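Here is the structure we will look at, set down as structure tokens.
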Number of protein chains: 2
Amino acid sequence: MSHPLDAAFSALADPTRRAILTMLLEDDMAVTDVAEPFDMSLAAISKHLGILSRAGLITQEQRGRVKWCKLEPDALRDASIWMQSFGQFEAVNLDAFERFLASELADDR
Amino acid sequence: MSHPLDAAFSALADPTRRAILTMLLEDDMAVTDVAEPFDMSLAAISKHLGILSRAGLITQEQRGRVKWCKLEPDALRDASIWMQSFGQFEAVNLDAFERFLASELADDR
DNA sequence: GGCAATCTCAACCGAATGGTTGAATATGCG
DNA sequence: CGCATATTCAACCATTCGGTTGAGATTGCC
């Protein structure tokens, strides 16, 4: 799996991992807390986090005995940019999207 | 693999399939012509095309003994919108993003 | 009809995936 | 120290994946 896009897309292909990313959108989380809502072992979640980490979609920082997981959207952005090249469905560039985001946030608060 | 995003992302995870999509960006192609530049059997490419087709990323139309492959960017668009929601900062209202998309497209053409 | 061309099917193979369990390794706390 | 908490490691298992090969099934052409 040499190309970084391979890792990013195949990490995104799993619904558990996408759910984890969505959770991390809210806030950074410890491994145990990430695992809590899922009906699977902690070891399985630990593996999923490893895959997300190796794909660059999250980073993990050890603090004490707790490992904090943090969303890292750069790899997502690369994948997104790749998809943009199929621009038949959207003439949107990321800069425009960021301006959109900024205005959304400005409106909200 | 119940969720449509599962199929889309895991189809995109393979470099051969991404290359095929890029080729189809140029023009519709017959299966044999798709297979030509790759160093693998026709049957393997046929399988890849089946996966892309089941993911909704392409459609295939039989005409005579030739099966034409056509890029179908709707599934790509769904996946792209999902990813955009992770934009660098905060959670984004998808409805708002769709309105944004619509207005962008309206402006362009 | 006969033959080449186009594409899929079926069976097989090795490697990767997604899960399990039980043990191991740190770390924090009373 | 002794114990609970947090996380990973290692071995295992069933299933899927990405490829192969050889044999079909259609279709077009002379």
Side-chain angles (χ1 to χ4, degrees), chain A residues 1-24 27-71 75, chain B residues 1-24 27-72:
Chain A
M1 188 143 67
S2 61
H3 200 287
L5 281 182
D6 293 9
F9 281 128
S10 84
L12 293 174
D14 186 274
T16 301
R17 290 192 290 263
R18 287 199 308 278
I20 290 174
L21 291 179
T22 304
M23 291 164 59
L24 291 178
D27 210 349
D28 298 356
M29 296 180 80
V31 174
T32 304
D33 295 333
V34 169
E36 197 271 333
F38 294 99
D39 188 24
M40 86 183 55
S41 71
L42 183 62
I45 296 294
S46 179
K47 278 191 188 178
H48 280 304
L49 289 170
I51 290 168
L52 288 170
S53 182
R54 254 168 279 120
L57 296 172
I58 68 170
T59 49
Q60 295 181 285
E61 182 199 355
Q62 191 92 35
R63 220 149 58 215
R65 63 182 162 182
V66 171
K67 200 173 204 170
W68 292 91
C69 306
K70 177 180 181 344
L71 190 61
Chain B
M1 189 144 63
S2 61
H3 199 288
L5 281 182
D6 294 9
F9 282 128
S10 84
L12 293 175
D14 185 274
T16 301
R17 290 193 290 264
R18 287 200 307 277
I20 290 174
L21 291 179
T22 304
M23 292 163 59
L24 291 178
D27 210 348
D28 299 356
M29 295 180 80
V31 174
T32 305
D33 295 333
V34 170
E36 198 272 331
F38 295 99
D39 188 25
M40 84 183 58
S41 72
L42 182 61
I45 296 294
S46 180
K47 278 191 187 179
H48 280 304
L49 290 170
I51 290 169
L52 289 170
S53 183
R54 253 168 278 121
L57 297 172
I58 67 170
T59 49
Q60 295 181 286
E61 182 199 354
Q62 191 91 35
R63 220 149 61 215
R65 63 182 161 181
V66 172
K67 200 173 205 171
W68 292 91
C69 307
K70 176 181 182 344
L71 190 62
E72 207 64 52

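Proteins get letters first, then strands, A, B, ... in listed order; numbering begins at 1 in each. Worth knowing before you read on, the calculation uses all heavy atoms, side chains too, and leaves out hydrogens, waters and symmetry mates. Note that the structure is a prediction, hence the values are computed from the model and not measured.
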Q) For dT17(C), does OP1 or OP2 lie under 4.0 Å from any side-chain N or O of Lys47(A)? A) no

Q: Figure out the CZ/P separation between Arg54(A) and dG18(C), and round it to whole Å.
A: 11 Å

Q) Under the 3.5 angstrom rule, does the side chain of Ser10(B) hit a backbone N or O of Asp6(B) as a donor-acceptor pair? A) yes

**Q.** Contact nearer the 5' end of DNA chain C, comparing Thr16(A) with Arg63(A)
**A.** Thr16(A)

Q. At under 4.0 Å between heavy atoms, what does Ala43(B) touch on the DNA or RNA strands: base, sugar-phosphate, or nothing?
A. base

Q: Kindly indicate whether the side chain of Met23(B), heavy atoms from C-beta on, has any atom under 4.5 Å from the side chain of Asp33(B).
A: no

**Q.** Distance (rounded to the nearest 0.5 Å) between Lys67(A) NZ and Glu61(A) CD
**A.** 11.0 Å

Q | Value in whole Å for how far the C1' atom of dC9(C) lies from CD1 of Ile51(B) | A | 15 Å

**Q.** Spacing between Ile45(B) atom CD1 and dG18(D) atom C1', to the nearest angstrom
**A.** 11 Å

(Q) Can you measure Asp14(A) atom CG to dT16(D) atom C1' for me and round it to whole angstrom units? (A) 13 Å

Q) With a 3.5 Å cut-off and just heavy-atom distances, do the side chain of Arg65(B) and the base of dT26(D) make a donor-acceptor pair? A) no

Q: Please state how far atom CG in Leu49(A) lies from atom P in dG18(C), giving the value in whole angstrom units.
A: 13 Å

Q. Counting side-chain heavy atoms from C-beta on, which of dG18(D), dC7(C), dT7(D) comes nearest to Lys67(B)?
A. dC7(C)

Q) Which nucleotide in the set dT20(C), dG18(C), dT6(C) lies at the smallest distance from any side-chain heavy atom of Thr32(B)? A) dT6(C)

Q. When all nucleic acid strands are considered with a 4.0 Å heavy-atom cut-off, which category describes Leu42(B): base, sugar-phosphate, or nothing?
A. base

Q. Looking at Ser46(A), does any N or O in its side chain come under 4.0 Å of the phosphate oxygens OP1/OP2 on dT8(D)?
A. yes

Q) Under 3.5 Å, is there a donor-acceptor pair between the side chain of Arg17(B) and the main chain of His48(B)? A) no

**Q.** Rounded distance in Å - NE2 (His48(A)) to P (dT7(D))
**A.** 16 Å

Q: Looking at every strand, decide which applies to Arg17(A) at a 4.0 Å heavy-atom threshold: base, sugar-phosphate, or nothing.
A: sugar-phosphate

Q: Round to a whole Å and report the spacing from CD1 of Ile20(A) to C1' of dG19(C).
A: 14 Å

**Q.** Rounded distance (Å) that lies between atom C1' of dA5(C) and atom CG of Asp33(B)
**A.** 12 Å

Q) Under the criterion side chain to side chain contact (heavy atoms under 4.5 Å, CB included), which of Thr59(B), Leu21(B), Val34(B) is the partner of Leu52(B)? A) Leu21(B)

**Q.** Out of dT8(D), dT21(C), dG18(C), whichever nucleotide has its closest atom nearest the side chain of Ser41(A)
**A.** dT21(C)

